[in-house]
Number of protein chains: 2
Amino acid sequence: MAEAPRDGHELLERFRRWLRDRHMPITRQRDLVAQAIFAAGGHLSVEELERRVRDRGHHVGTATVYRALEVLVKSGLVRAHDFGEGFKRYEPLLSPAQHGHLICTRCGRVREFSTERFERTLPMVADEMGFLHQRHRVEIHGLCRTCRDAEIGALTGGRRRA
Amino acid sequence: MAEAPRDGHELLERFRRWLRDRHMPITRQRDLVAQAIFAAGGHLSVEELERRVRDRGHHVGTATVYRALEVLVKSGLVRAHDFGEGFKRYEPLLSPAQHGHLICTRCGRVREFSTERFERTLPMVADEMGFLHQRHRVEIHGLCRTCRDAEIGALTGGRRRA
DNA sequence: TTAGGTGCAAACGGTTTGCAATCGA
DNA sequence: TCGATTGCAAACCGTTTGCACCTAA
């Protein structure tokens, strides 16, 4: 099976190089976690990540997954997000450009959108308020197409149950 | 503008009315929590909230604080935020306009800024991606003036060990 | 060989819940 | 009165840590 349909393999190589460069062992576990997240391509929770590793017939302890993610974040190839769900999600930095997140308030699906048009403004805003801009987060919470349709269907369709 | 420095009281009244309207008891605890958050005016954690109640010579159990906050959020008079600190912060909706948050990555201080210039754009962006915009979150993470100065001082001051 | 990584289970910290006692309307 | 709320402590849940064992280099 084509494990890495995208540039996941490229990122995996970069991770290995990064580890090698600082004399950190390339362990089976780190490789498995990295593969899983790079192949998936976006916004996975630790639980989902573990499941994907398991689905490939391997096992990595939960603590180790967290430790591997810590390393991946340090390497700059993965970013941690907190969408306020009570746990974190991890995103490989395939997407070169900065982007925001669209989060469905019903099903939790996450999509990305370009934040190009905000990239100049936000550091300016920070400056106006006496802050030194380091990074920013732009999120839109709403209903994805599927859930929007489902809501509308529920309202107009059958017996209303308000 | 209409809501004077003591708009906390106005909000408290609104909360009481909201409870009364749906036949929910106005308990001492709900009142104390509401008072504390409305008086403070912004971005408190549950721990801080409990401390403020205690400082006024009262006591409300932690679980009850959470339950009162749940009701306050439902009433629409308070909003919950997750700034990725591992716990939530609660903000009374005094601030008439929508706003974003500037969060100091060093000391944790939170300031607000107007997001007027994004209010039209973000729903459009959502629409382009097939999402129905409900609300959004714009955060800038960086250094507040004090911490920025401290960092610079540490760098140029020299006589400190790095 | 050995510094470092791993797995397990226990600890942690914020939040939620079960339940008997209590309270507001 | 009587259903809703409270307080306490225990449960929860995602995450971190201590420690004996293991493994990449």
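Here is how names work: the chains are called A, B, and so on, in the same order as the sequence lines, proteins then strands, and each is numbered from 1. The structure displayed is predicted, hence computed values, not measured ones.
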- Message: Please report the end-to-end axis angle for the helix from C:dT1-D:dA25 to C:dA25-D:dT1, five pairs per end, rounded to 10 degrees.
- Response: 40°
- Does OP1 or OP2 of D:dG7 have a side-chain N or O of B:T64 closer than 4.0 Å? yes
- Query: Got a donor-acceptor pair under 3.5 Å from the side chain of A:R28 to the base of C:dG5?
  - Reply: no
- Query: Under a 4.0 Å N-O cut-off, is there an ion pair linking B:E91 with B:R89?
  - Reply: no
- Test log, rule side chain to side chain donor-acceptor pair (under 3.5 Å), inputs B:Q29 and B:H58: CA-CA 9 Å; B:Q29 291 83 341; B:H58 298 93; over 6 Å; no
- Item | First encountered from the 5' end of DNA chain D, between A:I26 and A:F87 | A:F87
- Exam field: side chain A:R22 to backbone A:W18, donor-acceptor pair closer than 3.5 Å: yes
- Query: Rounded to the Å, how far apart are A:R16 CZ and D:dA24 P?
  - Reply: 13 Å
- Message: Just N and O in the side chain of A:T27: are any of them under 4.0 Å from OP1 or OP2 of C:dT6?
- Response: yes
- Separation of B:E70 atom CD from D:dA4 atom C1', in whole Å? 14 Å
- Item | Rounded distance (Å) that lies between atom C1' of C:dG14 and atom CG of B:L69 | 13 Å
- Residue whose nearest DNA chain C nucleotide is more 5′ - B:R67 or B:Y90: B:Y90
- Query: So, B:R109 side chain and B:C144 main chain: donor-acceptor pair closer than 3.5 Å or not?
  - Reply: no
- Whole-Å distance, A:K88 NZ to D:dT16 C1', equals 11 Å
- Query: To the nearest angstrom, how far is A:L19 atom CG from C:dA3 atom P?
  - Reply: 19 Å
- Answer yes or no: does atom CD of A:E85 have more than 12 heavy-atom neighbours from other residues, nucleotides or ligands under 6.0 Å? yes
- Do A:R16 and A:E13 sit within salt-bridge range, that is, some charged N less than 4.0 Å from a carboxylate O? yes
- Task: Send over the distance from B:E50 CD to D:dG7 C1', rounded to a whole Å.
- Result: 12 Å
- From C:dG14, D:dT5, D:dA25, pick the nucleotide closest to the side chain of B:M24? D:dT5
- Query: Atom NE2 of A:H23 and atom P of C:dA3: how far apart are they, to the nearest Å?
  - Reply: 15 Å
- Roughly how many Å is it from CG in B:L32 to P in D:dT5, rounded to a whole number? 16 Å
- Task: Answer yes or no: is there a donor N or O on one side and an acceptor on the other, between the side chain of A:R137 and the main chain of A:D82, under 3.5 Å?
- Result: yes
- C:dG5 phosphate, OP1 or OP2, under 4.0 Å from A:R30 side-chain N/O: yes
- Among D:dT5, D:dA24, D:dT6, the nucleotide that comes nearest once only the side chain of A:P25 is considered: D:dA24
- Message: Quick check on C:dG24: is either OP1 or OP2 less than 4.0 Å from any side-chain nitrogen or oxygen of B:Q29?
- Response: no
- Parallel under 30°, tilted from 30 to 60°, perpendicular over 60°: which one fits the rings of B:H81 and B:H43? tilted
- Item | side-chain N/O B:H59 vs D:dC8 OP1/OP2, d < 4.0 Å | yes
- Task: Go through D:dA25, D:dT15, C:dT15 for me and flag the one nearest to the B:Y66 side chain.
- Result: C:dT15
